[in-house]
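The sequence lines fix the lettering, A, B, ..., with proteins before strands; numbering per chain opens at 1. Please read all numbers here as calculations on a predicted model, not as lab measurements. Computation of the quantities below employed the complete heavy-atom set of this structure, encompassing side-chain atoms and omitting hydrogens, waters and symmetry-equivalent molecules.
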Amino acid sequence: MKQKITFAILIAALLISCNRNDSNQFFEPGKGVFVVNEGNYLSGNGSISFYNFENGKIYNDLFSEANTRALGDIPDFFATDGQIGYIIVNNSGTIEKIDMATMESLGTITDLTSPRQMVIYNKKGYVSSLYSNYITIIDLTDFDVEGQINIGCTSEALALSGSTLFAAYWSGGNSVVAIDLTTNEVVDNITTGLEPESMVIDKNNKLWVLCTGGWNNEEIPQICVINTSTHEIVDTLRFRTVSDNPSCLSINSGCDTLYYIDEGIRRMPITAAELPKTVLTGAGTSLFYKVAPAPWKGMFCVTDAVDYTQTGRLLLYDKNGNLIDTEYAGIIPGFMRYTE
Amino acid sequence: MLIASLYIFSVPAWSVNFIFPDTIKVNTVTVTAVNHSRELPFSSFLIDSSLIGSSKGSDIGRMLQYCAPVIIKRYGTYGLASLSIRGMSGSHTSVIWNGLDVNAPMNGQTDFTTLPVFAVEQMKLSPGGSDLSNISGTIGGTVEMSSGSNIPDGLSVKGLIGGGSYAEGNGGVFVSIGKRMFKSSTKVWFKNAKNDFLFVNNNSPGGPEKTHRTNAAVHSNGALQDFTFLFKRQELSAHLWYNGTYRELPSAVSTVQQDLGENQKDKSLRAALNYKYTGARIKLNIVSGYVNELNIYNYPLADIHSNNRSETFSFKSSARLFGKGPFGTSFNLGDELQRASSLSYENTQLRNMLSASFLTDYSFNNKLMLMAQIREMCVYSAFSLPELTLGASYNIDNRGKNLLKINVSRNTKYPSLNDLCWSPGGNKELKPELSTGGELIFTHSGDKEVILFSDFSISLFDSKVSDLIQWAQGNNSYWEAKNLKTVNTGGVELSATTCYNPEALKLKLLTSYAFTRSVITDSGIANDASVGSQLIYTPCNVVNMVLTGECGIFRMGSSMLYNSRRYTVSDNTHWLKGYLLNDINAGVSLKREKTLFNIDISVDNIFNTVYESTMGYPMPLRTFMLDLLLTFNLKSEK
């Protein structure tokens with residue numbers, strides 16, 4: 001009798017372990033892109049999707065599938081360090097550390113003040129904040145808050161050049177703060193156009209900063225090009241009119257081609273002397289929210305927020321701007337991170 | 001509109017509903033229904049006065065959610081609470097107090113958390129917007145409240161003190177004086193609560209956990225003065241109501257609870273002066289009023305502050321003419337001047353709404369009544385398209401016990417000042433929302449002379465609401481108000497009251513059920529997957545039930561509320577699951593000469609239901625409340 005019971009327990013344990021293995025098959029990792037779906041403000045329905053380029057499938061709600069709980073309110077950034085991912089959940093004030101192969105949470109940092117983006121330098125994460133004047137330093141080994149850097153203003157986009165961190169003062173601001181990460185001190189404050197919203201560093205180590213001109217169209221938007229060594233603005237590319245609304249400056253994996261949203265997707269080489277006059281692909285009936293060039297074949301992905309209240313879409317384009325796939329993601333699909 | 005207020009408040013019988021008895025016992029006064037008002041082909045419910053009397057420490061939203069086919073969307077226990085009727089939003093519900101429209105002109109709605117039951121004696125709910133007698137239109141429905149009515153002769157002093165879970169405390173003193181020609185009612189009250197209730201956070205990173213709510217305290221106080229002067233055929237009444245509320249605003253709980261320090265202060269001052277004349281051939285009602293509202297919001301962490309102030313000056317007059325023949329006519333003329341300022345307005349906004357409406361009815365042998373009503377509005381000196389309602393009532397049994405009513409209507413709702421003027425995103429080009437539809441109503445009034453009787457009503461409604469205003473992403477980086485969607489809303493409302501009154505026992509069962517389908521049928525948004533979907537936060541099924549019983553000095557009651565699934569995303573891909581709430585209460589009344597002492601204890605959410613009215617805003621588990629009411633009555637000598 002005891003043997004039968006033992007046998008039954010073993011079978012049950014085997015079945016449970018099989019189920020556990022099966023539960024990890026809710027998405028197929030591989031060459032693809034993670035999409036951070038922001039969700040509705042205050043609704044806590046942000047999520048993570050993954051689009052697999054190899055099988056052309058999208059997998060939604062990965063975090064909640066893996067962890068049987070919600071991700072939080074307004075996840076808006078995804079940093080990666082090998083197979084470890086860090087999801088910045090803005091309005092929940094949290095950072096989720098996840099195993100990107102299983103999407104299981106490996107830890108949560110809470111009580112951050114409106115975290116926005118994170119860059120990783122020397123096993124530490126540097127997190128910008130929409131509401132505080134501090135860059136928060138995260139010890140990624142212990143996954144705990146290690147300290148803060150007072151930069152004198154709020155911050156949004158971050159870019160790293162060597163040991164210098166550039167933080168954009170976006171919300172009502174007009175500057176980029178340079179911070180020396182060896183001393184954690186502010187070393188410069190570079191005046192830009194109004195509301196620097198996004199920025200990237202090219203292969204020549206130049207910092208490209210897209211300034212929207214203010215939420216109420218106070219001035220003509222512009223892209224400032226900054227020498228990361230001297231911190232001088234070496235070029236300024238102005239948009240057409242004060243009512244233009246460019247956003248989401250991105251750069252390809254070769255760091256030689258820029259993409260941004262402006263009445264569609266525009267693309268330009270970093271050598272261009274002026275902004276492109278035509279769109280690579282128009283938005284049509286979509287509401288383009290974010291663009292991210294893929295590291296493969298010149299493809300790029302765009303998110304369509306529809307009306308910012310419902311399930312949005314992931315649009316995949318080839319290098320010529322032809323739409324090659326459309327998939328439903330989560331609510332307000334935004335930031336995208338490709339697998340390495 | 002004015003006439004409406006006259007009908008509603010000067011002659012309570014006009015507001016007698018179709019569920020509750022034709023006669024309402026208010027102390028020793030019995031008011032009998034006038035057939036004409038019952039026959040008007042609209043749907044309406046008078047809220048049971050015993051519920052109002054037993055819910056003093058509560059807010060009106062909470063009381064209504066248990067006894068009427070409405071939906072209360074609440075951001076936590078003391079957060080913003082809006083009342084929706086027939087699947088529309090809170091801004092589609094008109095709220096009227098003593099004839100005055102008290103909806104804030106800025107956001108076009110009323111926060112029911114800030115309306116204590118202390119402040120009202122009578123309430124009426126009118127689903128739908130087919131009655132055009134108000135100054136401006138509504139689409140969802142109307143909640144009408146009155147104070148200072150039914151004051152008995154003599155001196156009455158009441159003292160109420162109550163306390164309960166999570167440091168909740170409330171109290172008040174109510175003094176009424178009644179003589180033949182003069183009535184006065186004075187009320188002052190307060191309410192405080194730490195409100196750090198226990199809730200279950202299912203999305204906590206460490207797994208589900210029970211935790212206390214933070215930054216959720218509330219402090220409120222208020223005062224209300226009513227004067228009424230009665231002459232032979234005339235009545236003059238004055239009402240003044242101050243209400244102040246300070247609330248901490250708890251954060252939404254997505255994964256962890258944050259203490260962000262948000263808070264809000266609301267103050268309002270409402271004043272109404274009513275004159276009524278009831279003659280053989282004419283009934284007149286004139287209302288003038290003033291409403292002042294202040295709303296201050298602070299979010300120190302994000303350095304966001306708002307300071308919103310509004311004033312409304314109202315004047316309404318109505319006249320009901322009684323002819324000798326089968327014709328009857330009513331005229332309404334009203335004007336409302338709204339003035340508002342905000343840190344988010346470029347300058348102080350003024351809006352004047354002038355309206356006139358005309359109603360005529362024709363009665364065939366007291367069996368069939370036909371009615372036509374038309375309203376014309378002039379807003380910002382521009383005339384609107386006339387609104388029209390046609391209806392009929394059929395008296396099935398000649399005794400008025402069973403009525404069949406039908407109406408078709410085309411009515412509008414004007415945008416709020418925020419929709420028009422908020423910076424950024426306000427849109428002065430907005431059109432009024434337009435509702436076209438109808439309703440079919442059957443009502444039955446039971447025989448009140450028997451031990452067991454029931455009243456009930458059933459309403460079928462259907463309407464198409466076009467040019468629905470929605471805030472959506474515009475060409476710039478901010479959101480803009482637009483006329484975007486068309487919604488078809490239809491459904492069924494059932495309400496019933498059953499009374500069982502054998503000698504030593506009084507039992508009353510109030511039940512209501514609403515089935516509502518509010519479906520987006522058209523949209524101005526490209527790739528909009530919400531077309532064909534139910535409007536968010538509109539449950540298809542709402543059921544509520546209140547059972548009360550009295551036996552000698554003892555009483556007890558039980559309340560039940562069920563809301564089915566509520567979608568939280570416009571394409572219906574996410575939702576809050578349905579919930580069932582159960583409350584119980586018991587009390588005893590001890591009388592010694594002229595003094596009455598009531599002790600009541602209540603237990604809310606007795607089964608510890610975990611639920612959210614609004615996503616991210618948990619509601620309390622089981623809570624307790626103890627109320628003590630001391631009443632001293634001194635009747636005047638005749």
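Looking at Asn40(A), the atoms closer than 4.5 Å to chain B (heavy atoms on both sides) all sit in the side chain, from C-beta outward. For Thr311(A), the parts lying near chain B are the backbone and the side chain together; criterion is any non-hydrogen pair under 4.5 Å. For Glu612(B), no part sits under 4.5 Å from any heavy atom of chain A, backbone or side chain. Neither the backbone nor the side chain of Ile109(A) comes within less than 4.5 Å of any heavy atom in chain B. Both the backbone and the side chain of Thr309(A) come within contact range of chain B, with heavy atoms under 4.5 Å apart. Of the two parts of Leu71(A), only the backbone, made up of N, CA, C and O, holds a non-hydrogen atom closer than 4.5 Å to a non-hydrogen atom of chain B. Residue Ala302(B) touches chain A through both its backbone and its side chain, counting heavy-atom pairs closer than 4.5 Å. The part of Ile525(B) that comes within reach of chain A is its side chain, from C-beta onward, which places non-hydrogen atoms under 4.5 angstrom from that chain. Proximity to chain B (any heavy atom under 4.5 Å) is shown, for Ser132(A), by neither the backbone nor the side chain. Interface remark: Asn91(A) contributes backbone atoms only to the contact with chain B (heavy atom separation under 4.5 Å). Heavy atoms of Ile331(A) lying under 4.5 Å from chain B belong exclusively to its side chain. Contact annotation for Tyr299(B): only side-chain heavy atoms (C-beta onward) come within less than 4.5 Å of a heavy atom of chain A.
Under the salt bridge (charged side-chain N to carboxylate O under 4.0 Å, His left out) criterion, Asp61(A) pairs with no residue at all, not counting sequence neighbours.
The stretch residues 203-215 of chain B places Asn203(B), Ser204(B), Pro205(B) near chain A, each with some heavy atom under 4.5 Å from a heavy atom of that chain.
Using a 3.5 Å distance cut-off with no hydrogens or angles, the side chains of Ser254(B) and Ser92(A) do pair a donor with an acceptor.
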* To do: In sequence, state the C-alpha distance, the side-chain angles, and the governing distance for Tyr617(B) and Leu42(A), and then conclude on side chain to side chain contact (heavy atoms under 4.5 Å, CB included).
  => CA-CA 9 Å; Tyr617(B) 291 87; Leu42(A) 295 181; 3.6 Å; yes
* Asked: For Thr94(A) and Val256(B), what are the C-alpha separation, side-chain angles and deciding distance, and is it a side chain to side chain contact (heavy atoms under 4.5 Å, CB included)?
  -> CA-CA 8 Å; Thr94(A) 59; Val256(B) 292; 3.7 Å; yes
* side chain to side chain contact (heavy atoms under 4.5 Å, CB included) assessment of Asn45(A) paired with Val569(B) -> CA-CA 9 Å; Asn45(A) 54 12; Val569(B) 176; 3.6 Å; yes
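The aromatic rings of Tyr308(A) and Trp479(B) lie tilted to each other, with the angle between the two planes from 30° to 60°.
Nearest approach of Asp307(A) to Ser570(B), heavy atoms of both residues: OD2-OG, 4.4 Å.
Counting heavy-atom neighbours within 6.0 Å of Tyr134(A) OH, excluding the residue itself, gives a total of 12 or less.
Heavy-atom pairs under 4.5 Å with chain A were tallied for Thr614(B), Thr573(B), Asp528(B); the largest tally goes to Asp528(B). For chain A, the option among Thr568(B), Val253(B), Asn527(B), Leu260(B) with the highest count of heavy-atom pairs below 4.5 Å is Asn527(B).
Side chains of Thr255(B) and Val89(A) form no contact here, defined as non-hydrogen atoms less than 4.5 Å apart.
A donor-acceptor pair is defined here as one N or O able to donate and one able to accept, closer than 3.5 Å; no such pair exists between the side chain of Gln310(A) and the backbone of Asn572(B). Looking only at distances, no side-chain donor or acceptor of Asp111(A) sits under 3.5 Å from a matching main-chain atom of Gln258(B).
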